[in-house]
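Computed from a prediction, not measured in an experiment: that's the story for all the values here. Throughout, protein chains are lettered first and strands after them, A, B, ... in sequence-line order, and every chain is numbered starting at 1.
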2 protein chains.
Amino acid sequence: MQREAPTLAHVARLAAVSENTVSRVIRNKGPIAEETRKRVIEAIDSLGYVPNRAAGALASSSSLIIGVLLPSLSNIVFPEVLRGIHAALADTPYQAMIGVTDYDLLQEQKLLGSLLAWQPAAIVTTGFDHTDASRRMLEQSGIRIAELMDIDDRPIDIAVGLSHRGAGRESARHLVARGYRRIGYVGHDWSADRRAHFRYEGFRQGLQEAGLSPAAEFRFEGASSTMAGREALAQLLGRGGDVDAVVFSNDDMAVGGFMHCLGAGLAIPERLALFGFNGLDIGQALPRPLSTIRSNRFLIGRTAAEKLLEARERPAEPQIIDTGFEIVEGATA
Amino acid sequence: MQREAPTLAHVARLAAVSENTVSRVIRNKGPIAEETRKRVIEAIDSLGYVPNRAAGALASSSSLIIGVLLPSLSNIVFPEVLRGIHAALADTPYQAMIGVTDYDLLQEQKLLGSLLAWQPAAIVTTGFDHTDASRRMLEQSGIRIAELMDIDDRPIDIAVGLSHRGAGRESARHLVARGYRRIGYVGHDWSADRRAHFRYEGFRQGLQEAGLSPAAEFRFEGASSTMAGREALAQLLGRGGDVDAVVFSNDDMAVGGFMHCLGAGLAIPERLALFGFNGLDIGQALPRPLSTIRSNRFLIGRTAAEKLLEARERPAEPQIIDTGFEIVEGATA
DNA sequence: CGAAATTATCTCAGCGCTAACATAAACTCT
DNA sequence: AGAGTTTATGTTAGCGCTGAGATAATTTCG
């Protein structure tokens, strides 16, 4: 009943050709007579042959795996990047193999090691921050490497993302242009999320351009979340800080801030303007759509995967792909 | 500079043992003298040896891959399941390989084929709905199979999840117990999300126990989202349906409903009670925490992965693991 | 028309590991 | 002390595929 899975040899015998010819038909490599191809494909179909990827990987010392290292799955941002990667891989024989680092560079290093044990065709990772050992592994592997989300540094191979400094700067400029002058900042723990820190720096810089500096600041000790944003804004305001607008480290935090205002009866944006980052759906579903900056997470993932598959070799010079960002006007600032 | 990656042979030579002995040390299989083990481990460390997984998979016709088929990554629920899976795999040599089906059974079948080409140690998939071909592949593969989220059917190997019928029933009972009588339903497209349909059936059944039936219903044509929930509730109420409580197909929809009420100035729960499903963070961060049912997504993923690794063989009888659910009282119903 | 180039196919070694079996040394037991 | 058992290690043959080069059949061209 449960007969062995057919191998190349079975297909070859049925199609009356050599194994190698079958292999070439499958991989679309080298010249094949149209008639032979047809016969081989027929044989493949009739046997229900599925190539053994492990054997292929071993023989060619390169697998159809794309290793993906993500810092987290709790934050919807990274699943969206992953979705973009999957979208790009959907009609290819490539498969994503995932590791979750929990924002821990040593964990990243460890996972990188086990991903490389599969001899993946490429590695997708996040940011420019890696341990020395990771960096050495990435560089010496010779395979294509994409570093996602950020573009404010020099990538190993390619970087795909947006300038977080630039985004932070734009949020300040936007609020200043709208006439806000007493602008506060509510954030979360930077040690895990360096890009949030970059945005903060850009934000300060943007204020400085207008001769301003943050009117008040509060940083929640812990990861970003709606709850954290709610509490953090309460804290900031409770301190009697006199602010007319608040920039949040991201939309999750900003939505939390929105909730606080609702609960405390603060008119948005008359009494307090709110500004986020990411452009999440939830922000747009608020009674007043959140003013924020849209980062194109899906696009980042898709672009990265597409670029990686475009060429097997790294470009001579590291390449940076700016997927940009856009101000979402919203109604909260 | 870029010397070849060390292989078993290199380690074996350095440790002055046979390759097989090194292999056994690595896999912790068979008796090894303590002294030999130490020498081998030293050699491994000094060479920085990393086993080639493809070779291992080929030789043993079984890889350290766990294939994971998820319907979607847009809905935070599935990344959370994935997070649970990763948590269970974190300290094992296993790696998750992911496919996203977009709720399409044919896509699932296709992805299943390419996952099986890696000879994974186990497959994790969602629900009991599979094409005949998929089912055949799963059954004949002989490897461990987990079907997640639902437990209201007979699994191939093990099922891990909760009774969606039961959860639906409980939401009705909860509202009835609170004195609500004109209870409506706001949902999304069922064709993609069968479990939402099961909850609806349970909901009806729960009402029936109290001699009631839904006071009004509206089903949004499309996937669930906060926006959809907001619009759908507006539609339901716009029709002049006289309801005092609404059960939503899930928390995303319910949060949208909450937003509608805020915008329309409807007091929650005095004028209208809201009830969700999932227990997402966002629901608990609302000005009034959402009354809902907590499904333990993380636990489902983690339990499934743990169970799969517990034994290489399927149990004689299909096994069902109920991760349960709990009513979250909240303040909206 | 024969040599060179092109096209289509085959042969065969080997990728790096593991399974199965063989062997050797060290015990245990009667 | 010899047979049987246990423990520790070695030997060997692939797993199923791909890459490099060999070979054969066909076309092109001076």
Side-chain angles (χ1 to χ4, degrees), chain A residues 3-41 43-44 47-65 93 114 116-121 142 312, chain B residues 3-41 43-44 47-65 93 114 116-121 142 312:
Chain A
R3 66 192 180 292
E4 292 298 303
T7 70
L8 264 196
H10 297 125
V11 177
R13 205 173 315 138
L14 183 57
V17 293
S18 75
E19 296 186 27
N20 188 289
T21 301
V22 178
S23 173
R24 266 152 45 224
V25 168
I26 291 171
R27 288 176 299 143
N28 236 340
K29 208 176 178 185
I32 296 285
E34 201 40 57
E35 201 220 336
T36 311
R37 158 175 283 119
K38 217 178 290 175
R39 224 171 49 236
V40 169
I41 293 194
I44 289 175
L47 290 175
Y49 168 73
V50 176
N52 180 325
R53 298 288 180 207
L58 179 59
S60 66
S61 53
S62 159
S63 71
L64 295 169
I65 288 174
S114 36
L116 288 175
W118 286 102
Q119 314 211 92
R312 287 178 67 95
Chain B
R3 64 192 179 292
E4 293 298 303
T7 69
L8 263 196
H10 297 125
V11 178
R13 203 172 319 138
L14 183 58
V17 293
S18 75
E19 296 186 26
N20 189 299
T21 302
V22 178
S23 173
R24 268 152 42 219
V25 168
I26 291 171
R27 288 176 298 142
N28 236 341
K29 209 175 179 187
I32 296 284
E34 202 40 58
E35 201 220 333
T36 311
R37 158 174 283 119
K38 216 180 289 175
R39 224 171 50 237
V40 168
I41 292 194
I44 288 175
L47 291 175
Y49 168 74
V50 176
N52 180 325
R53 298 288 180 208
L58 179 58
S60 67
S61 51
S62 158
S63 72
L64 295 169
I65 288 173
S114 36
L116 288 175
W118 287 102
Q119 314 211 91
R312 286 179 67 94

Review point. So, does Ser63(A) use its side chain to make a donor-acceptor pair with the main chain of Trp118(A) at under 3.5 Å?
Key: yes

Review point. Rounded to the nearest 0.5 Å, how far apart are CD1 of Ile41(B) and CD1 of Ile32(B)?
Key: 10.0 Å

Distances under 3.5 Å only, N/O to N/O: pair up the protein atoms with those of nucleotides 13-16 of chain D.
{"residue": "dC15(D)", "atom": "O2", "partner": "Ala59(B)", "partner atom": "N", "Å": "3.3"}
{"residue": "dG16(D)", "atom": "N2", "partner": "Ala55(A)", "partner atom": "O", "Å": "3.4"}

Exercise for review: Note every stem involving DNA chain D: at least three consecutive Watson-Crick or G-U wobble pairs, i with j then i+1 with j-1, with both distances under 3.5 Å.
Suggested key: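 So far as stems of 3 or more pairs are concerned, DNA chain D shows C:1-30 with D:1-30.
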
Minimum heavy-atom separation for [X] to [Y], with atom names?
X        : Y        : result
Ala15(A) : Ala43(A) : CB-CB, 3.9 Å
Glu19(A) : Ala9(A)  : OE2-CB, 3.7 Å
Pro6(A)  : Leu47(A) : CG-O, 3.5 Å
Leu58(B) : Ala54(A) : N-CB, 4.0 Å
Thr7(B)  : His10(B) : N-ND1, 2.8 Å
Leu64(B) : Pro93(B) : CB-O, 3.7 Å

Return the polar atom pairs (N/O with N/O) between nucleotides 20-25 of chain D and the protein under 3.5 Å, or none.
{"residue": "dA20(D)", "atom": "N6", "partner": "Asn20(A)", "partner atom": "ND2", "Å": "3.2"}

Review point. Under 4.0 Å between a Lys/Arg side-chain N and an Asp/Glu carboxylate O for Glu34(B) and Arg37(B)?
Key: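 Arg37(B) and Glu34(B): salt-bridged.
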
Check your understanding: Using a heavy-atom cut-off of 4.0 Å to chain A, what are the terminal contacting nucleotides of DNA chain C, in 5' to 3' order?
Key -> dA8(C) to dG16(C)

Check your understanding: Is there any side chain to side chain donor-acceptor pair (under 3.5 Å) pair reaching into residues 51-61 of chain A, and which pairs are they, with sequence neighbours excluded?
Key ->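 Counting only pairs at least two positions apart or across chains, no side chain to side chain donor-acceptor pair (under 3.5 Å) contact touches residues 51-61 of chain A.
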
**Study point:** DNA chain C contacts made by residues 29-39 of chain B, counting heavy atoms under 4.0 Å
**Key:**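 The stretch gives Lys29(B) as the residues lying under 4.0 Å from the strand, ordered by number.
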
Practice item. Looking at every strand, decide which applies to Arg53(A) at a 4.0 Å heavy-atom threshold: base, sugar-phosphate, or nothing. Key: nothing

Revision key, fill the gap. Here the distance between atom P of dC17(D) and atom CZ of Arg13(A), to the nearest Å, is 13 Å

Point to revise | Close side-chain approach of Thr36(B) to Val17(B), heavy-atom, < 4.5 Å | key: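 Sidechains of Val17(B) and Thr36(B): in contact.
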
Point to revise | Minimum side-chain heavy-atom gap Val11(B)-Ile26(B) below 4.5 Å | key: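 With C-beta onward as the side chain, the pair stays apart.
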
